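Remember, it's 1-based here, ligands and their atoms both numbered in the order they're listed. Nothing here was measured: the structure is a model prediction, and the numbers come from that model.
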Amino acid sequence: MDVRINPSILAADFANLERDIQTISTADLVHVDVMDNHFVPNLTFGLAMVERLQAVSPVPLDVHLMIDDPDRWAPGYAEAGAFSVTFHAEAARDAVALARRLRGIGARAGLALKPDTPVEPFLDLLPEFDQVLVMTVEPGFGGQSFLESTMPKLAALRRAVAACGLDVWLQVDGGINEETIGTAADAGANTFVAGSSVFKSDDPAAQIALLREAAAAHAH
Ligand code: DX5
Ligand code: ZN
């Protein structure tokens, strides 16, 4: 099974994003957390910043929109060239229509679920998505502890993906480090967002390699 490690620049130095993003060139994608102070109680950056990151990043962009009204705002991130655009199920008015629009622009479409959002209503929609993001912390901040209670949701997704024979990537985001990544991989994740564990490390490239190894040891 493929393993993808996507460092989150939420944990990078915002005054030195171009410098920090160069330190993760061995990652698969760079995870970009867009927050609007409404869907989550935190504010990060928007489209203009993502366009600049797209221009300087050594790896493609995995944009995670923690915003209200993604139906209106998400397509702009796909048009900016993001490799994947993930929006929250709790915020979208018409998740399927939005996913189709994102794919039509050329981005991979992702559906994100907060820790308390059940997955069952979305299992039939899997063919509409390229990725499902199971939040393993409450969205809004980096540096929180991994919620193991979200693992059954991942296992249900893994079974549903296997049953329909599609290659939908299963992403986890929040509290992922060399200790928790194995638990998430065992439950079925193959795409791992890691903020603090990569950018707060002295050697981001070595940390990416360590996470990759730890995930691969558990991948099934
Ligand atoms: C939280 C964000 C995460 C965050 C993860 O709402 O979606 O991407 O950067 O940070 P860590 O890995 O520090 O938990
Ligand atoms: Zn995120």
*Would you say the side-chain atoms of Thr136 pair up with the backbone N or O of Gly174, donor to acceptor, closer than 3.5 Å?*
yes
*Does ligand 1 have any atom sitting under 4.0 Å from a heavy atom of Ala11?*
no
*asked:* Could you check whether any side-chain heavy atom of Leu170 comes within less than 4.5 Å of a side-chain heavy atom of Arg158, counting everything from C-beta outward?
replied: yes
*Shortest-distance N/O/S atom, Asp173 versus the Zn ion (ligand 2)*: OD2
*Polar side-chain atom of Thr191 near backbone of Asn6 as donor-acceptor pair, under 3.5 Å*: no
*Do Ile208 and Ile21 belong to the same hydrophobic cluster, where Ile, Leu, Val, Met, Phe, Trp and Tyr are linked whenever their side-chain heavy atoms lie under 4.5 Å apart, directly or via other members?*
yes
_Contact summary for Glu128 and Ala99, nearest pair of heavy atoms_ = O-CB, 3.5 Å
*Does any N/O atom on Asp173 come nearer than 3.5 Å to any N/O atom on ligand 1?*
yes
*Atoms of ligand 1 close to His64 [distance to a heavy atom under 4.0 angstrom, numbered from 1]*: 7 (O)
_Atoms of ligand 1, numbered as shown, that sit under 4.0 Å from any heavy atom of Ala194_ = 12 (O)
*Does CZ in Arg212 sit with more than 12 non-hydrogen atoms of other residues, nucleotides or ligands closer than 6.0 Å?*
yes
_How about CZ on Arg19, more than 12 heavy atoms from neighbouring residues, nucleotides or ligands closer than 6.0 Å, or not?_
yes
*For ligand 1, which atoms sit closer than 4.0 Å to a heavy atom of Pro139?*
6 (O)
*Hey, is ligand 1 close enough to Gly143 that some N/O pair sits below 3.5 Å?*
yes
_Where ligand 1 meets His31 - atom numbers and elements under 4.0 angstrom, heavy-atom basis_ = 8 (O)
*Could you check Asp130 against Arg103 for salt bridge (charged side-chain N to carboxylate O under 4.0 Å, His left out), going step by step and ending with a plain yes or no?*
CA-CA 9 Å; Asp130 301 291; Arg103 283 176 158 182; 3.0 Å; yes
*State whether the number of non-hydrogen atoms from other residues, nucleotides or ligands found under 6.0 Å of Glu90 atom CD is greater than 12.*
yes
*Which is closest to atom 9 (O) of ligand 1 in terms of heavy atoms, Ser145, Gly174, Gly195, Ser8?*
Ser8
*asked:* At less than 4.0 angstrom from any non-hydrogen atom of Ser196, what atoms of ligand 1 do you find?
replied: 11 (P), 12 (O), 13 (O)
*Where the Zn ion (ligand 2) is the centre, what is the ND1-to-NE2 angle for His64 and His31, rounded to 10°?*
100°
*Would Phe122 and Phe129 count as a close aromatic pair, with their ring centres under 6.0 Å?*
no
*Close-contact set for ligand 1 against Val193 heavy atoms, below 4.0 Å*: 8 (O)
*asked:* Any heavy atom of Lys200 closer to ligand 1 than 4.0 angstrom?
replied: no
*Do you know which N/O/S atom name in Asp33 is closest to the Zn ion (ligand 2)?*
OD1
*Could you establish whether Gly140 and ligand 1 come within less than 4.0 Å of each other, counting only heavy atoms on the residue side?*
yes
